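These numbers come from a predicted model, not from an experiment.
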Amino acid sequence: MRTQTHDQGKKGSIAKDIAGILSPGQTVYGLGIILFSIHKFTENVLFGRVYKSIASIPNVSGPTYIFAQLLLLLGCFVLLGLANYLGEYMVRKVSVHTGTKLRLDLVRKLCKIPVKDWYRRHSAYWINMLTIDIDLVDQMLVERFVMMGQNIMSVLLGVIYTGWVSPWMMLFSVAMGILYLFLANYYKKAAKNMQQTMRQKEDACSEVFEETVHAYAETVFYPPIHQFFIRRLQDTNNDFYDTGCRYVKLHTQSTTLKNLGFSLSYLGLLLTGFLLVEKNHLPLEDMLSIWPVAVGIAYGIQSFGMQWIVTQKNLVSVDRICRLLEQKEEDFDAGARQKPPANWSGPVIECKNVCFCYPGSSVPIIKNLNLTIKPGEKVAILGPSGSGKSTLLKLLLGLYPIDQGEITLYGQNIKEYDLWDLRRQFSYLPQMPTLMNDTVMENVRMAEPKATKQCVQEALVKAHVTDVGRDDKGAQRQLGEGGRALSGGQRQRVALARCYLRDAPIYLMDEMTAALDVTLERAIAEELMADPHRTVIMVTHKEELATLAGRVIHIGM
């Protein structure tokens with residue numbers, strides 16, 4: 001199930017995870033938050049000065065004093081705006097750098113995760129979820145942490161400033177804020193659990209939706225199956241809706257609590273201030289000067305609690321990304337550097353009692369396979385769908401680790417090879433080749449980036465890709481995303497040209513002509529078999545094509 005896409009590894013410290021994500025910009029980010037956070041407290045102090053100036057108008061003579069006070073406040077607001085700008089610039093710069101770094105790190109990690117762990121992630125939806133996670137991390141850095149830092153700074157400086165003028169106002173504002181914080185903490189755990197549940201329900205709902213849409217063309221002709229898909233989709237949608245309703249209820253309660261807490265602290269502090277003035281414990285001017293700061297204390301504590309609640313969904317994304325970045329990588333340098341021996345006369349490939357089960361399955365797809373292939377031999381592998389033909393090629397490439405037995409290449413166990421060296425011995429054509437949004441020339445050159453234009457052109461001719469370049473652009477023609485500008489057969493031939501460009505000693509062909517007509521299929525197969533020094537292992541379901549090989553091996557029959 002896709003609901004388990006994130007790895008349940010050992011859970012690390014959130015603080016450590018966030019520090020790792022921010023590295024190496026923690027210092028700049030921290031300074032940016034401090035500059036940005038001073039803004040709120042200073043703004044409250046300045047507004048307090050404005051109120052005090054207004055209250056003291058009857059006690060001063062002439063407009064000069066008032067004008068000087070207002071001019072001073074204007075200068076302070078300008079300086080405050082500059083500090084706010086600098087702080088926000090520093091925070092956003094680090095955030096942009098962090099987002100870019102995260103995307104690159106995730107791509108590198110996904111390329112290094114062993115295929116046995118990666119195969120279940122071949123999903124556009126799952127990749128899209130990672131993109132959403134990165135956006136949520138960016139939101140956490142730009143909004144959540146900035147506001148939380150602003151609240152902390154406002155509370156700490158406000159307590160010092162207000163306590164110096166009126167301890168009673170300070171104590172009352174802190175008490176109001178703490179009372180609300182306890183209520184907010186009640187919702188914190190529930191909010192995080194609800195966010196995780198929402199993610200799981202959304203994953204499940206999207207998975208069923210994709211399966212239903214993809215299966216519609218076939219299931220519509222079989223009413224019982226069609227109704228099963230529709231009913232399952234309806235059930236998952238209802239489950240997601242119920243969870244969403246609970247989430248909305250929880251969110252509404254926390255928002256109402258926030259608004260109510262702010263209103264009560266606003267009125268309560270104003271009432272407390274007037275009572276202190278009435279009892280002659282505090283002059284009216286001083287009360288008005290510290291009242292905005294006291295409100296800022298209560299609001300800062302309350303807002304911190306609310307931000308901590310809504311940050312839980314961001315922390316879920318941090319946890320998912322960090323667990324993926326901690327995933328064990330494929331060790332490309334584990335083995336020794338190996339090169340194929342010159343004039344090797346023994347078996348090129350030898351499989352001895354090889355067994356393999358896919359993760360999560362107890363039924364072996366390949367069981368006790370014994371196979372010997374000599375240099376220059378042309379071998380066709382036939383078998384029914386699901387018999388392990390394509391899996392065998394991936395075992396040879398070291399994409400999947402075998403569960404039992406041994407595979408040797410030039411007499412050496414493939415586990416002892418450096419993975420890069422092992423895979424350099426093969427030109428591999430998968431069933432579903434990947435093409436990039438680039439030219440024909442560059443798509444072929446991906447196999448050998450330093451190859452000359454002439455070498456690429458020769459590979460295109462061998463692969464019979466001449467019809468792809470019939471227009472004026474020729475090999476410079478753009479293929480579009482995923483090669484959508486080409487037919488299925490053309491995509492296969494462009495991928496075959498990659499194999500010719502690499503020209504490794506062993507060719508692994510997985511249904512290389514599945515989308516071709518009979519005439520072109522035979523011409524390509526004969527071209528492939530023509531070189532006597534080339535070892536070819538060809539997976540196919542066509543017996544007439546298999547007859548072109550020197551030997552036919554049946555699997556699962």
Side-chain angles (χ1 to χ4, degrees), residues 114-119 328 330-431 499 504-512 529 532-541 546 549-557:
V115 176
K116 68 184 180 65
D117 296 325
W118 163 242
Y119 78 98
K328 183 179 179 181
E330 193 171 31
D331 192 352
F332 287 90
D333 301 317
R337 305 287 295 181
Q338 301 282 353
K339 290 186 177 180
N343 302 319
W344 176 260
S345 58
V348 175
I349 295 172
E350 193 169 7
C351 299
K352 304 174 183 177
N353 297 317
V354 172
C355 297
F356 175 75
C357 291
Y358 277 105
S361 173
S362 59
V363 180
I365 192 169
I366 293 179
K367 185 176 181 180
N368 297 327
L369 175 67
N370 289 282
L371 175 65
T372 301
I373 298 176
K374 299 176 182 178
E377 191 173 10
K378 313 298 186 287
V379 177
I381 299 178
L382 284 174
S385 177
S387 59
K389 304 186 298 297
S390 299
T391 301
L392 174 59
L393 301 188
K394 293 174 182 177
L395 294 179
L396 297 178
L397 290 165
L399 295 175
Y400 296 148
I402 61 174
D403 298 323
Q404 195 175 341
E406 182 184 50
I407 299 177
T408 62
L409 178 68
Y410 297 109
Q412 191 82 15
N413 193 316
I414 63 171
K415 292 181 180 179
E416 299 175 6
Y417 274 79
D418 174 287
L419 280 177
W420 289 120
D421 284 342
L422 172 67
R423 292 169 187 172
R424 288 290 301 174
Q425 308 308 314
F426 299 97
S427 286
Y428 173 53
L429 176 61
Q431 285 188 35
C499 296
I506 306 170
Y507 279 55
L508 303 180
M509 305 284 105
D510 194 354
E511 300 286 2
M512 67 173 183
M529 306 295 182
H533 302 292
R534 179 183 298 147
T535 303
V536 179
I537 302 175
M538 178 176 61
V539 167
T540 182
H541 65 279
R551 180 159 61 111
V552 179
I553 297 174
H554 295 273
I555 292 182
M557 300 179 67

Chemist: CG of Leu395 to CD1 of Ile366: how many Å apart, nearest 0.5 Å?
Modeler: 5.0 Å

Chemist: Look up atom CD1 in Ile349 and atom CG in Leu508, then write down how far apart they are to the nearest 0.5 Å.
Modeler: 6.5 Å

Chemist: Between Lys367 and Ile365 (side chain of the first, backbone of the second, donor and acceptor by atom type, cut-off under 3.5 Å), is there such a pair?
Modeler: no

Chemist: Check whether any side-chain N or O of Asn370 sits under 3.5 Å from a backbone N or O of Asn353 as a donor-acceptor pair, and report yes or no.
Modeler: yes

Chemist: Please walk me through it: do Met538 and Val379 pass side chain to side chain contact (heavy atoms under 4.5 Å, CB included)?
Modeler: CA-CA 6 Å; Met538 178 176 61; Val379 177; over 6 Å; no

Chemist: With no hydrogens and no angle check, is any side-chain donor or acceptor of Asp403 less than 3.5 Å from a backbone partner on Cys357?
Modeler: yes

Chemist: Might you point out which heavy atoms bring Leu382 and Lys389 nearest each other, and give the distance in Å?
Modeler: C-CD, 3.7 Å

Chemist: Distance from Lys378 atom NZ to Arg534 atom CZ, nearest 0.5 Å?
Modeler: 7.5 Å

Chemist: Just so I know, are the side chains of Ile414 and Leu396 near enough to count as touching, which here means a heavy-atom distance under 4.5 Å?
Modeler: no

Chemist: Contact between Val348 and Gln425 at the side-chain level, heavy atoms closer than 4.5 Å - yes or no?
Modeler: no

Chemist: Output the distance between atom OH (Tyr507) and atom OG1 (Thr535), rounded to the nearest 0.5 Å.
Modeler: 11.0 Å

Chemist: Can you find a pair of side-chain heavy atoms, one from Met512 and one from Cys499, that are under 4.5 Å apart?
Modeler: no

Chemist: Whether the side chain of Ser427 engages the backbone of Ala504 through a donor-acceptor N/O pair (distance < 3.5 Å, no angle test) should be reported.
Modeler: yes

Chemist: Could you tell me the separation between the SG atom of Cys351 and the CG atom of Leu369, rounded to the nearest 0.5 Å?
Modeler: 5.0 Å

Chemist: Backbone N or O of Gly398 within a donor-acceptor pair of the Arg423 side chain at under 3.5 Å?
Modeler: yes

Chemist: Enter the distance from Thr408:OG1 to Tyr417:OH here, rounded to the nearest 0.5 Å.
Modeler: 8.5 Å

Chemist: Would you say that Leu409 contacts Ile506 through its side chain, given a criterion of any heavy-atom pair below 4.5 Å between the two side chains?
Modeler: yes

Chemist: Take a 6.0 Å sphere around CD of Glu406 and say whether it holds more than 12 heavy atoms from other residues, nucleotides or ligands.
Modeler: yes

Chemist: Does some side-chain heavy atom of Tyr428 sit less than 4.5 Å from a side-chain heavy atom of Lys394?
Modeler: yes

Chemist: Counting C-beta onward and ignoring hydrogens, is there a side-chain heavy-atom pair between Leu393 and Phe426 closer than 4.5 Å?
Modeler: no

Chemist: For residues Ala546 and Val552, report the shortest heavy-atom separation together with the two atoms involved.
Modeler: O-CG2, 3.6 Å

Chemist: Between Ile373 and Arg551, is a side chain to side chain contact (heavy atoms under 4.5 Å, CB included) present by the stated rule, with each step listed?
Modeler: CA-CA 10 Å; Ile373 298 176; Arg551 180 159 61 111; 4.1 Å; yes

Chemist: Should the ring pair Tyr400 and Phe356 be called parallel, tilted or perpendicular, given that the plane angle runs from 0 to 90° and is split at 30 and 60?
Modeler: parallel

